[in-house]
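See below for the structure under consideration.
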Amino acid sequence: NDSAMIDAFQKGHDIHQATAAKVFNVDYEQVTKTQREQAKTVNFGITYGQSAFALADQLSISRQDAQQLIDQYFQEFSNIRSFMDQTIHFVRNHGFVSTLFGRIRKIDDIDSPNRSAQRNAQRIAINTRVQGTAADIIKCAMNNIAEKIQGFESRMVMQVHDELVFDVLDKEIKKLTPLIVDAMESAASLQVPLLVDIETGGNWGSVQ
């Protein structure tokens, strides 16, 4: 529910470029490749509890600069910090966390005297809500697609994170493409659109 993140998605912006514009206080169009890459690392790392030390090592920057990136990130996207804190608070009170679709995961060690175990439990809790929900969405899309492609000779053969791979006959591509896009984009109703890109080629490697 972070307004800045929602606004970027609704405008169809590249989320890492939009994050960089906020964190580095530059216009969206003026974001450099390096700034975008750093923002991408921050987007994926901070919400899973990445420390300034780990971020500094990954980006090959000083620990002070890494901490400044983290501080600026949470200043610009304050609801993400609230989301993380609320998640940890909920787990401490209930001992579990759930995805947006209600899939539950029990979390141990959230109050462990071992700081390393406690931090790991916090990362798992937040990760479950974020990536667990993403996993639920792609599974819903797969169920939708499995129903819609009955009667076709083409087949859905593999899922890789948020990607689906199909073996498709040339004669069925035009009919299958809109069915697959619709099934994936309608897999969940969120405050932001679920957008799908489709590529075709002789094999998976040729469309990467």
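Heavy atoms only: backbone and side chains are in, while hydrogens, waters and symmetry mates are out. Computed from a prediction, not measured in an experiment: that's the story for all the values here.
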Can you tell me how far apart CG (Asp71) and CD (Gln68) are? Round to the nearest 0.5 Å. 8.0 Å
Is the shortest heavy-atom distance from the side chain of Trp204 to the side chain of Val160 under 4.5 Å? yes
Under 3.5 Å, is there a donor-acceptor pair between the Gln118 and Ser112 side chains? no
Judged by atom type as modelled, is there a donor-acceptor pair below 3.5 Å linking the side chain of Gln38 to the main-chain atoms of Leu59? no
With rounding to the nearest 0.5 angstrom, report the CD to CG distance, Glu147 to Leu179. 12.5 Å
State whether the side chain of Thr41 and the backbone N or O of Glu37 hold a donor-acceptor pair below 3.5 Å, judged by distance alone. yes
Is there a donor-acceptor contact under 3.5 Å linking the side chains of Gln75 and Lys22? no
For residues Ala66 and Ala52, report the shortest heavy-atom separation together with the two atoms involved. CB-O, 3.3 Å
Just by distance, with hydrogens left out, do Gln191 and Gln10 show a side-chain donor and acceptor under 3.5 Å apart? no
Thr128 side, atom OG1; Ile104 side, atom CD1 - distance, nearest 0.5 Å: 11.5 Å
Would you check if the side chain of Glu172 reaches a backbone N or O of Ser154 as a donor-acceptor pair within less than 3.5 Å? yes
Any side-chain to backbone donor/acceptor pair from Tyr28 onto His13? Under 3.5 Å, distance only. no
Counting heavy atoms not belonging to Lys148, are there more than 12 under 6.0 Å from its NZ? yes
Are Ile80 and Val192 connected in a single hydrophobic cluster, I mean Ile/Leu/Val/Met/Phe/Trp/Tyr linked by side-chain heavy atoms less than 4.5 Å apart? yes
Would you say that more than 12 heavy atoms from the other residues, nucleotides or ligands in this model lie under 6.0 Å from the CG of Asp167, or not? no
Linking I/L/V/M/F/W/Y whenever their side-chain heavy atoms sit closer than 4.5 Å, directly or via other members, would Ile145 and Met158 fall into one cluster? no
Could you measure the distance from the CZ atom of Arg119 to the CG atom of Asn114? Nearest 0.5 Å is fine. 8.5 Å
Is there a side-chain contact between Leu164 and Ile180 (heavy atoms, below 4.5 Å)? no
Could you give the distance from CG (Asp65) to CD1 (Ile70), rounded to the nearest 0.5 Å? 11.5 Å
Closest heavy-atom pair, Ala125 versus Val91, reported as atoms and distance to 0.1 Å, is CB-CG2, 3.9 Å
I'd like to know if the side chain of Tyr73 pairs up with that of Asn43 as donor and acceptor (distance under 3.5 Å, no hydrogens or angles considered). yes
Check whether any side-chain heavy atom of Arg129 lies under 4.5 Å from a side-chain heavy atom of Phe83, and answer yes or no. yes
For a side chain to side chain contact (heavy atoms under 4.5 Å, CB included) check, start with the C-alpha distance between Leu55 and Val42, then their side-chain angles and the critical distance, and finish with the verdict. CA-CA 8 Å; Leu55 183 62; Val42 172; 4.1 Å; yes
Report yes or no: does Thr133 contribute a side-chain atom to a donor-acceptor pair with the main-chain N or O of Leu100 at less than 3.5 Å? yes
Any donor-acceptor N/O pair, Ser206 side chain to Asn203 backbone, under 3.5 Å: yes
Heavy-atom nearest pair, Asn79 first then Asn1, reads ND2-O, 2.8 Å
Distance check, rounded to the nearest 0.5 Å: Asp2 atom CG versus Asp7 atom CG? 10.0 Å
With Arg92, which of Asp111, Asp85, Asp109 fulfils salt bridge (Lys or Arg N to Asp or Glu O under 4.0 Å)? Asp111
Any donor-acceptor N/O pair, Gln35 side chain to Phe24 backbone, under 3.5 Å: no
Look only at the side chain of Thr99 and the backbone of Arg103, and say whether a donor-acceptor pair between them is shorter than 3.5 Å. yes
Using side-chain heavy atoms (C-beta onward) and a distance below 4.5 Å, is Glu153 in contact with Lys171? yes
Heavy-atom side-chain contact between Phe77 and Thr19 under 4.5 Å: yes
Under the criterion side chain to side chain contact (heavy atoms under 4.5 Å, CB included), I'd like the reasoning laid out for Ile88 against Ile126: C-alpha separation, chi angles, the key distance, then a yes or no. CA-CA 8 Å; Ile88 294 168; Ile126 294 167; 4.3 Å; yes
Any side-chain donor near an acceptor of the partner, Gln72 and Glu76, under 3.5 Å: yes
Full working for side chain to side chain donor-acceptor pair (under 3.5 Å) between Glu29 and Gln17: CA-CA 9 Å; Glu29 293 78 11; Gln17 186 174 339; over 6 Å; no
After noting the C-alpha distance and the side-chain angles of Ile137 and Phe101, does the key distance pass the side chain to side chain contact (heavy atoms under 4.5 Å, CB included) rule? CA-CA 9 Å; Ile137 291 173; Phe101 291 79; 3.6 Å; yes
For the residue pair Asn144 and Ala187, what are the closest heavy atoms and their distance? ND2-CA, 4.0 Å
May I have the step-by-step check of side chain to side chain contact (heavy atoms under 4.5 Å, CB included) for Leu69 and Ile61, ending in yes or no? CA-CA 10 Å; Leu69 263 179; Ile61 60 177; 4.0 Å; yes
Taking every heavy atom of Gln150 against every heavy atom of Ala146, the minimum-distance pair comes out as CG-O, 3.3 Å
Below 4.5 Å, heavy atoms only, C-beta onward: do Met184 and Leu194 meet side chain to side chain? no
Do the side chains of Ile6 and Val23 join up, straight or via other hydrophobic residues, at under 4.5 Å, putting them in one cluster? yes
Verify the cluster assignment for Phe152 and Val168: are they in a single hydrophobic cluster under the rule of side-chain heavy atoms below 4.5 Å apart? yes
So that I can tick it off, tell me whether Arg63 and Asp57 are bridged by a salt bridge, with the cut-off set at under 4.0 angstrom between side-chain N and carboxylate O. no
Linking I/L/V/M/F/W/Y whenever their side-chain heavy atoms sit closer than 4.5 Å, directly or via other members, would Phe44 and Ile124 fall into one cluster? no
Residue pair Phe96 / Arg105, side-chain heavy-atom distance below 4.5 Å: no
Take atom CG in Asp170; do more than 12 heavy atoms of anything else shown fall under 6.0 Å from it? no
Aromatic Phe74 / basic Arg81 pairing, under 6.0 angstrom, 45° off normal: yes
Using a 6.0 Å cut-off, check whether atom CZ of Phe53 has over 12 heavy atoms from anything other than its own residue. no
Side-chain heavy atoms of Val181 within contact of Ile198, under 4.5 Å: yes
